[in-house]
Amino acid sequence: MQQNLYLYNSLKRTKELFTPITPGYVGLYLCGPTVYGPPHLGHARPAVVFDILNRYLHHLGYKVRFVRNVTDVGHLENDADEGEDKIARKARVEKLEPMEIAQLYTDNYHEEIEKLNVLKPSIEPRASGHIIEQIAMISQIMENGFAYESNGSVYFDVVKYNATNHYGKLSGRVLEELIAGAGEERRELEGQEEKRNRVDFALWKKASPEHIMRWPSPWSDGFPGWHIECSAMSGKYLGETFDIHGGGMDLLFPHHECEIAQSVGATGKDPVRYWMHNNMITINGQKMGKSLGNFINLSELYAGSHKLLEQAYSPMTIRFFILQAHYRSPLDFSNEGLKAAEKGMKRMLNAKALLPKLKTSATSTSKISDVIDSCYEAMNDDLNTAIAMASLFEGARIINSVYAGTETITAADLDSLSKFFTLFVEEVLGLKEEALGDDSSVDGLMSIILELRKDVKAKKDFAASDKIRDMLLALGYKIKDEKDGATWTRE
RNA sequence: GGUCCUGUGGCCGAGUGGCUAGGCAGAGCUCUGCAAAAGCUUGUACAGCGGUUCGAAUCCGCUCGGGACCUCCA
C-alpha cells in the first residue's frame with residue numbers, strides 16, 4: 001500500500017486522498033440493478049467502473065468487502081401504472097410469479113455482467129431478503145421523530161430533518177426550492193395527499209389490493225420505499241459508517257441524498273465517507289432511452305442484433321471501450337468508437353503475448369520504470385484508466401520494437417515489464433483474451449499443418465501455401481508469416 | 001423553468017495557464033513471393049465572440065450546441 005490513491009468525492013466536490021476507516025480494510029457499496037428487465041448498456045458502465053476500483057484496491061493490498069445489492073422489490077411507477085411496482089407489472093404482463101421475474105433477470109444480469117469480467121461482489125444482498133432490517137430501520141427513524149405514519153404508509157419528514165441536518169448536502173439541492181416545486185410540468189405522485197410536504201419520501205408504502213408484492217409490517221401490508229433498502233443493507237454489512245458508496249450520477253438525487261437522510265435519521269451518523277458517481281452513456285450522441293428506440297441490451301450488443309449495430313462487439317471490447325474514458329466523463333457509444341476499441345485492445349493483448357518471446361540485451365533503449373510509474377500515477381489520480389492505458393500502449397510500443405529488433409531491453413527490465421504489464425492488463429484492468437473454446441490438441445494440429453505448409457513454401461508452391469492459409473482463415477485461424485517462420489492466432 | 005456538468009484534430013477520448021496524451025482511421029517508407037503483423041515517419045486540434053495575462057484549449061464573461069438531475073431509470 002505504498003500508493004496514495006486520490007478519489008473524487010461527490011460529497012466534497014473535490015479529489016481527496018483515500019484513507020479507510022480501518023487501516024487495510026475497505027467497505028465498498030454499489031447500487032446494483034433493479035431486476036425487472038434484461039441488463040442493458042447502461043448497466044455495464046458502473047459495473048465495470050467499480051470493478052476497476054475493487055480490483056485496484058485489492059491490488060494495493062486492501063481487503064475489500066464489496067457489497068452490491070439486487071433490487072427485487074420493485075419501485076413505484078409514477079405514471080399509468082397507478083402505484084403498481086415494476087416487477088409486479090411485469091409479472092402480470094408475463095403471467096408469472098413476481099419472484100420468478102426477479103430471479104430470471106437476476107440470473108440474466110449475472111450472466112451478462114460476468115462476461116465483462118466483472119468480479120463478483122463479496123455479498124450480494126436482495127432487498128426482499130432484508131424486509132426485517134428495513135422495517136427495523138424505519139421504526140428507528142420514527143422513534144427519532146424523523147418519520148410519520150399516514151394511512152398505513154410511512155414517510156420521511158424532510159422538513160423536520162432539515163431543521164437540524166442538511167438535506168441536500170450531497171446533491172446541492174436547496175430544500176426551499178424543492179418545496180416551491182419545479183414548475184407546471186411537475187406531475188403529482190400518487191399518495192401526495194398523505195404527505196406533510198411534497199418533498200417527503202416514502203419509507204413504507206401500503207399496498208393497494210391489486211398490488212401483488214407485499215410484506216407484513218407494523219403499519220400495513222405493503223412494501224419498502226425507494227431508498228431504504230440500500231441504507232438498511234449497507235448498514236448491516238458495512239457498518240453505520242463505511243468507506244465508499246458508488247453508483248451512477250443519476251442516483252445522486254434523490255436516491256443517495258435520501259440514503260444519507262435515512263441513515264442520519266436512524267443512527268445520527270453520516271453513512272458514507274466517499275461518494276463516487278460514474279457519468280452516463282450516450283448512443284450516437286443521444287441519451288439512451290426506451291422511448292428513443294436506442295435502448296441496447298447487453299445480449300444484443302454481444303450478438304450485434306440491434307438495428308443500430310453494424311456488427312457484434314465482444315464483452316472485452318465493451319470493457320476496453322469503457323476504460324478508455326475517464327469514469328466521470330460522459331461516454332458516447334458508436335460503431336466507429338467500438339471498432340476502434342476492438343482493434344486497440346487486440347494491439348494491447350498481442351503485445352502482452354509477445355513478452356515471453358522477447359530477447360534480452362546488455363542495455364535497454366527505453367526507461368521501463370517511467371512506463372510503470374506513469375501508470376500508477378494515473379490510477380492514483382482518481383482512477384484515470386484512460387491515461388493508464390496510454391502508458392500501457394507505450395509499453396506495447398516498446399515490446400513491439402524489441403520484438404522487431406529496433407529496440408533492446410535488459411533481462412531485469414524485461415522481467416519487471418513482463419510482471420507489470422501482465423498484472424496491470426489482466427488483474428487491474430481485467431482485460432483478457434476471450435475464450436474461443438479451443439482444446440490443447442489444436443496446438444498440435446496447427447503445428448503439423450504449418451510444418452507441411454513450410455515444406456510447400458520451400459518448393460515455392462505458393463498456390464498451395466496460400467490455399468492452406470485461406471482455408472485456415474475461413475475456419476478462423478489467421479496465419480502470419482514472420483521471418484522466423486509462421487505463427488497463428490484465432491480471429 | 002431551476003440546479004449542475006460539458007463542447008478537443010476524420011472518429012473516440014485524456015489533459016486544464018507555457019512542455020508529444022493515447023487508440024482508431026488516413027498518407028509515405030521498411031520488412032515480405034503475396035498477404036497479415038510489426039516498426040519508423042507524418043497530421044499541429046481545442047464551439048464562437050470578448051476579456052484577464054508576458055503567455056490560454058486551460059482562468060473570467062457572454063452567445064450557441066450537447067448532457068444529467070429536478071419524475072421510474074445505470
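The chains referred to below are lettered A, B, ... by the order of the sequence lines, with proteins before strands, and numbering in each begins at 1.
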Rounding to an integer number of angstrom, what distance separates B:C4 and B:C62 when you compare their P atoms?
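Those two atoms are separated by 13 Å.
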
Using the C1' atom as the reference point in each nucleotide, state the distance between B:G10 and B:G26 in Å, no decimals.
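B:G10 and B:G26 have their C1' atoms separated by 8 Å.
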
Base of B:G33, side chain of A:D466 - is there a donor-acceptor contact under 3.5 Å?
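Side chain to base: pair present.
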
Using a distance-only criterion (donor-acceptor N/O pair, under 3.5 Å, no hydrogens), is the base of B:A36 paired with the side chain of A:R469?
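Result: no qualifying N/O pair found.
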
Within 6.0 angstrom of A:E114 CD, more than 12 heavy atoms from elsewhere
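Counting neighbours around CD of A:E114, more than 12 heavy atoms of other residues, nucleotides or ligands fall under 6.0 Å, so yes.
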
At 4.0 Å (heavy atoms only), tell me whether [X] reaches a base, stays on the sugar-phosphate, or touches nothing.
X      : value
A:R173 : base
A:L331 : sugar-phosphate
A:P39  : nothing
A:G42  : base

Using a 4.0 Å heavy-atom cut-off, write out nucleotides 17-30 of chain B from 5' to 3' as B (base contacted by protein), S (sugar-phosphate only) or - (no contact).
----BSBSS-----

Among the nucleotides B:G15, B:C12, B:G33, which one has an atom lying closest to any side-chain atom of A:D481?
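Selected nucleotide (nearest to the side chain): B:G33.
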
Pairing string of RNA chain B (Watson-Crick or G-U wobble, both atom distances under 3.5 Å; | = paired to other strand) is (((((((..(((.....[...))).(((((.......)))))....(((((..]....))))))))))))....

